[in-house]
Protein chains: 2
Amino acid sequence: MDQSTSPQGGQALLFLTDEQLRKGIEAMFFAYRGFTADPDRILSEWGYGRAHHRAVHFIHRSPGTTVNNLLSILGVTKQSLNRVLRTLVADGLVESRVGQIDKRERHLYLTDTGAELERALSDAQRDRMRAAYRAAGPEAVAGFRQVLEAMMDEDMRRHYEALREKGKT
Amino acid sequence: MDQSTSPQGGQALLFLTDEQLRKGIEAMFFAYRGFTADPDRILSEWGYGRAHHRAVHFIHRSPGTTVNNLLSILGVTKQSLNRVLRTLVADGLVESRVGQIDKRERHLYLTDTGAELERALSDAQRDRMRAAYRAAGPEAVAGFRQVLEAMMDEDMRRHYEALREKGKT
DNA sequence: CTTGGAGTGTCAACAAGGCTGACGTATCCT
DNA sequence: AGGATACGTCAGCCTTGTTGACACTCCAAG
């Protein structure tokens with residue numbers, strides 16, 4: 001395709017050999033496995049799966065978020081998300097409050113139990129992330145984040161960058 | 001848990017605030033989605049899923065690999081892998097040859113068609129990886145790889161590092 | 001006030017791709 | 001000869017994704 005695709009073509013310029021890129025691809029694959037291993041263990045103890053983890057994580061991050069908002073972040077159908085939310089509400093981990101301004105919307109909050117699960121999950125995941133960060137060092141971390149951000153789709157980057165936007169209950 | 005878990009505790013020392021770590025976690029989540037988006041599109045055209053991608057990728061990387069070896073790399077059950085391999089063999093993308101030294105083993109190879117799919121998939125994935133690498137720059141890439149390697153489980157790092165070991169057909 | 005549409009919940013049916021358990025067969029090794 | 005190994009396969013179950021269809025509530029525009 002371009003010069004960097006040929007075996008040694010762009011190496012002097014940009015070191016992007018197919019072999020380098022393949023290593024990066026496999027690194028993503030193997031690392032993502034490690035990344036999810038600990039939460040998966042905890043989730044199975046609670047009888048949940050990754051879908052529940054994602055929901056709990058983003059509800060914790062943005063308390064009061066609406067179902068629709070969650071849908072666009074998670075990128076799944078409402079039927080799929082609803083199944084997960086239903087069990088979380090039924091099990092008392094998530095509270096779904098009817099919106100005050102717009103009563104069609106449901107605003108989602110973690111209960112104490114929900115917060116407990118979230119804490120167990122994020123503690124485990126942070127521990128591994130922290131260990132990796134420490135092993136790699138500050139400069140490596142900066143590079144890590146730069147590459148990951150460059151790998152995201154546009155809309156995902158929007159969600160990624162959005163931290164605080166709603167402060168009302 | 002330790003000093004870096006408290007809001008500002010370890011920042012001066014290691015900048016590892018919960019917020020920083022959370023950002024890293026979400027970056028992994030969103031980036032992995034981007035990472036798999038292009039292959040997923042191609043796979044659905046061929047009527048396959050990610051499981052087929054993984055099999056095809058590692059057979060391409062290590063032609064003649066055995067089923068057992070593939071199992072340990074992919075970390076799935078033989079029943080699960082077998083279902084995927086069966087369709088790939090039936091569709092003529094993968095060839096399964098009885099071992100010459102040990103006739104119990106089956107050695108796996110891509111056919112021309114299989115290589116064609118692999119090429120389409122890895123081209124797409126490399127394109128995105130290359131774009132991300134270029135956008136982030138060489139130093140960032142080094143850091144990216146360092147952090148990912150530190151995030152892997154032990155056995156995964158072994159597979160990740162193993163490039164060539166078998167040269168015989 | 002009526003009506004269209006947005007936001008949400010839910011039922012049903014289906015598929016991919018994990019899992020466990022059990023069994024059979026061929027082959028190798030001791 | 002007998003146990004271990006490599007592989008395939010059948011059967012059943014679970015999670016999590018999909019479509020399609022339908023109902024309900026409410027806001028806003030006409």
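Protein chains get the first letters and strands the later ones, always in sequence-line order, with residue 1 at the start of each. We use all heavy atoms of the structure for the numbers below, so side chains are in, but hydrogens, waters and symmetry mates are not.
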Respond yes when some side-chain nitrogen or oxygen of His52(A) is under 4.0 Å from OP1 or OP2 of dT15(D), and no when none is. no

Any side-chain N or O of Arg50(A) under 4.0 Å from OP1/OP2 of dT16(D)? no

Mind calculating the distance between OH (Tyr48(A)) and P (dT15(D)) to the nearest angstrom? 11 Å

Hey, is the side chain of Thr77(B) poking within less than 4.0 Å of OP1 or OP2 on dG18(C), counting only N and O atoms? no

Ion pair Glu95(B)/Arg97(B), N-O distance below 4.0 Å: yes

Length of the CG-P vector between Asn82(A) and dA23(D), whole Å: 18 Å

When you check the phosphate oxygens OP1 and OP2 of dA11(D), does a side-chain N or O of Arg83(B) lie under 4.0 Å from one of them? no

Rounded distance (Å) that lies between atom C1' of dT16(D) and atom CG of Leu85(A): 13 Å

To the nearest Å, give me how far apart CD (Gln100(A)) and C1' (dT25(D)) are. 17 Å

Is it true that Asp153(B) and Arg33(A) make a salt bridge, defined as a side-chain N closer than 4.0 Å to a carboxylate O? no

Without hydrogens or angle criteria, can the side chains of Glu26(B) and His159(A) be said to hold a donor-acceptor pair below 3.5 Å? no

So what does Lys103(A) touch, heavy atoms closer than 4.0 Å: a base, only the sugar-phosphate, or nothing? sugar-phosphate

Atom CG of Leu70(B) and atom P of dA6(D) are separated, to the nearest Å, by 14 Å

Please determine whether any donor N or O and acceptor N or O are separated by less than 3.5 Å between the side chain of Gln79(A) and the base of dG20(D). yes

Could you tell me how far apart Ile101(A) (CD1) and dT8(C) (P) are, to the nearest whole angstrom? 12 Å

Identify whether any heavy atom of Gly47(B) sits under 4.0 Å from a base atom; if not, whether one sits that close to sugar-phosphate; answer base, sugar-phosphate or nothing. nothing

Between Arg50(A) and Thr36(A), is any side-chain donor less than 3.5 angstrom from a side-chain acceptor? yes

Quick one: does Arg104(B) reach the base of dA26(C) with a side-chain donor-acceptor pair under 3.5 Å? no

Residue closer to the 5' end of DNA chain C, Val84(B) versus Lys78(A) (nearest nucleotide): Lys78(A)

Arg128(B) side chain to Gly34(B) backbone, donor-acceptor under 3.5 Å: yes

Between P of dT5(D) and CG of Leu71(B), the distance in whole Å: 15 Å

Asn68(B) side chain near dC7(D) phosphate (N/O to OP1/OP2, under 4.0 Å): yes

Residue mapping more 5' on DNA chain D - nearest nucleotide basis, Glu105(B) or Asp102(A): Glu105(B)

Check whether the ring centres of Phe29(B) and Tyr32(A) lie less than 6.0 Å apart, and answer yes or no. no

When you check the phosphate oxygens OP1 and OP2 of dA6(D), does a side-chain N or O of Arg106(B) lie under 4.0 Å from one of them? no

Under 4.0 Å between any heavy atoms, over every strand shown, what does Arg86(A) touch: base, sugar-phosphate, or nothing? Just pick one. sugar-phosphate

Send over the distance from Asp40(B) CG to dT16(D) P, rounded to a whole Å. 18 Å

